> 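There's a structure below that I have some questions on.
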2 protein chains.
Amino acid sequence: MPDHEREMETVHLLRAATVELGLHSARFAHRNGMHPTDVRALIALLDASRSGTDMTAGRLGALLGLNSAGTTALIDRLERLGHVRRVRDGRDRRRVLVEIEERAVELGWDHFGPLIARAVGLLEGYDERELAAVRRFLTAVRDAAAEAAD
Amino acid sequence: MPDHEREMETVHLLRAATVELGLHSARFAHRNGMHPTDVRALIALLDASRSGTDMTAGRLGALLGLNSAGTTALIDRLERLGHVRRVRDGRDRRRVLVEIEERAVELGWDHFGPLIARAVGLLEGYDERELAAVRRFLTAVRDAAAEAAD
DNA sequence: GCTATTATCTCGCTGAACGAGATACTCGGT
DNA sequence: ACCGAGTATCTCGTTCAGCGAGATAATAGC
């Protein structure tokens with residue numbers, strides 16, 4: 001049986017980093033009178049916006065694992081806080097598009113920006129092979145966790 | 001202004017991996033009739049057990065950011081499911097030590113074991129410098145997120 | 001046009017977590 | 001040895017996120 005010590009310790013490091021990032025996200029939520037789910041919703045909206053897709057209420061709820069009632073309540077909360085707005089889809093008027101407000105984007109950047117900048121700065125000191133190693137590891141972990149969904 | 005493209009994409013990868021790991025943990029919770037907080041509690045108990053520290057009710061609640069009422073309810077839930085047991089501390093009889101049951105450890109290993117094994121297997125293909133790069137990155141991210149707590 | 005399907009919302013309920021305060025135990029000072 | 005301050009946990013009543021069931025509104029197929 002081989003010696004897995006350094007590899008195992010690295011996996012623990014990944015978990016520790018994940019926990020701390022979760023706590024950091026929870027602080028953002030708390031500081032702005034929100035819940036973890038609300039933050040996840042904003043992140044999903046930013047991702048959609050970045051990729052040019054528009055987000056409907058139903059799709060958002062499905063992404064977060066909420067049922068329709070919970071989704072409505074979620075969007076109500078975010079709308080009340082001024083972080084999103086509801087827009088009826090003109091093509092299919094059953095659908096409600098959820099759009100993120102500029103204010104929410106700035107709020108998120110204020111909180112997560114410094115951390116992101118620091119991580120980017122760190123990686124700038126890495127050579128090509130080191131950066132590739134990090135990317136390969138993160139990609140594989142992401143895919144492995146995603147695959148386990150069945 | 002420098003080109004941050006590859007570094008920024010790597011940070012997005014980290015976030016994606018974090019999200020997927022969170023979902024994987026949520027599946028474990030759901031599958032066993034538990035809530036995210038319960039899983040976090042079990043992880044904290046495993047960490048304490050690994051480092052030989054014993055965990056009191058109060059310390060557990062503080063770690064998870066719960067107040068005393070919530071902590072009592074959490075331990076009640078875990079005890080009802082047979083995952084932990086309460087043990088009065090002999091030295092300071094105000095304190096309640098929370099000990100994890102072997103059954104819960106096995107349950108966790110069944111769920112997270114395959115993912116951990118896969119990550120370890122991946123890292124075995126890395127040379128010394130690549131592994132060090134991954135460890136350096138994760139350590140720095142963990143510390144940066146933890147430092148932001150104030 | 002009429003029916004089936006899809007998207008969202010409303011209502012009533014359960015349960016996690018909170019604040020306030022009760023209870024039980026420990027420890028330092030006199 | 002006692003008393004009061006401090007500490008650890010638990011109890012009670014409340015709030016609110018999320019669920020299940022079902023209502024409402026718009027679209028699509030025949």
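Quick caveat, the model's predicted, so the values are computed rather than measured. Below, each value reflects all heavy atoms present in this structure, side chains not excepted, and no hydrogens, waters or symmetry copies. In what follows, every chain begins at residue 1, and chains take the letters A, B, ... in the order their sequences are listed.
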> Among residues at least two apart in sequence or on other chains, which ones pass side-chain hydrogen bond (donor to acceptor under 3.5 Å, both in side chains) with B/Arg85?
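For B/Arg85 the side-chain hydrogen bond (donor to acceptor under 3.5 Å, both in side chains) partners, ignoring immediate neighbours, are B/Glu99, B/Glu101.
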> Taking atom types as they are modelled, is there a donor-acceptor pair under 3.5 Å from the base of D/dG18 to the side chain of A/Asn67?
no
> Would you tabulate the pairs of protein nitrogen or oxygen atoms and nucleotide nitrogen or oxygen atoms of nucleotides 14-17 of chain D closer than 3.5 angstrom?
| residue | atom | partner | partner atom | Å |
| --- | --- | --- | --- | --- |
| D/dA17 | OP1 | A/His35 | NE2 | 2.9 |
| D/dA17 | O5' | A/Arg77 | NH1 | 3.4 |

> Is a side-chain donor or acceptor of B/Arg88 paired with a backbone partner of B/Arg94 at a separation under 3.5 angstrom?
yes
> Taking the minimum atom-to-atom distance to the side chain of A/Thr72, which one of C/dA7, D/dT9, C/dC9 wins?
C/dC9
> Could you run down the sub-3.5 Å N/O contacts of the protein with nucleotides 26-30 of chain D?
| residue | atom | partner | partner atom | Å |
| --- | --- | --- | --- | --- |
| D/dT27 | OP1 | A/Arg93 | N | 3.1 |

> Show me the donor-acceptor pairs within less than 3.5 Å that the side chains of residues 54-61 of chain A make with the rest of the protein, sequence neighbours left out.
| residue | atom | partner | partner atom | Å |
| --- | --- | --- | --- | --- |
| A/Thr56 | OG1 | A/Arg59 | N | 3.1 |

> Got a sec, which residues hit salt bridge (charged side-chain N to carboxylate O under 4.0 Å, His left out) with B/Arg91, two or more places apart in sequence or on another chain?
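Partners of B/Arg91 by the salt bridge (charged side-chain N to carboxylate O under 4.0 Å, His left out) criterion come out as none, since no residue qualifies.
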> Only counting residues at least two apart or in another chain, list the ones meeting salt bridge (charged side-chain N to carboxylate O under 4.0 Å, His left out) with A/Asp76.
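Listed in chain order: A/Arg86.
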> Could you name each residue pair satisfying salt bridge (Lys or Arg N to Asp or Glu O under 4.0 Å) that touches residues 110-123 of chain B, not counting sequence neighbours?
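Found A/Glu147-B/Arg118.
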> Please name all residues satisfying salt bridge (charged side-chain N to carboxylate O under 4.0 Å, His left out) with A/Arg50, sequence neighbours left out, ordered by chain then number.
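Residues passing salt bridge (charged side-chain N to carboxylate O under 4.0 Å, His left out) with A/Arg50: A/Asp47.
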> Could you list the donor-acceptor pairs under 3.5 angstrom formed between side-chain atoms of residues 128-137 of chain B and any protein atom two or more places apart in sequence or on another chain?
| residue | atom | partner | partner atom | Å |
| --- | --- | --- | --- | --- |
| B/Glu128 | OE2 | A/Arg6 | NH2 | 3.4 |
| B/Arg129 | NH2 | A/Asp127 | OD2 | 2.4 |
| B/Glu130 | OE1 | B/Asp127 | N | 3.1 |
| B/Glu130 | OE2 | A/Arg136 | NH2 | 3.3 |
| B/Arg135 | NH1 | A/Thr10 | OG1 | 3.2 |
| B/Arg135 | NH2 | A/Glu9 | OE2 | 3.4 |
| B/Arg136 | NH2 | A/Glu130 | OE2 | 3.3 |

> What residues form a side-chain contact (heavy atoms from CB on, under 4.5 Å) with B/Asn67, not counting sequence neighbours?
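With sequence neighbours excluded, B/Asn67 shows a side-chain contact (heavy atoms from CB on, under 4.5 Å) to B/Ala69, given in chain and number order.
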> Applying ring pair (Phe, Tyr, Trp, His ring centres under 6.0 Å) as the test, list every pair that has at least one member in residues 87-124 of chain B; sequence neighbours left out.
B/His24-B/His111, B/His24-B/Phe112, B/Phe28-B/His111, B/Phe28-B/Phe112
> Within the 4.0 Å heavy-atom criterion, would you say B/Gly61 contacts the bases, only the backbone, or no part of the nucleic acid?
nothing
> Find the bend of the helix from C/dG1-D/dC30 to C/dT30-D/dA1 as the angle between its two terminal axes (five pairs each), to the nearest 10°.
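Rounded value for the end-axis angle: 20°.
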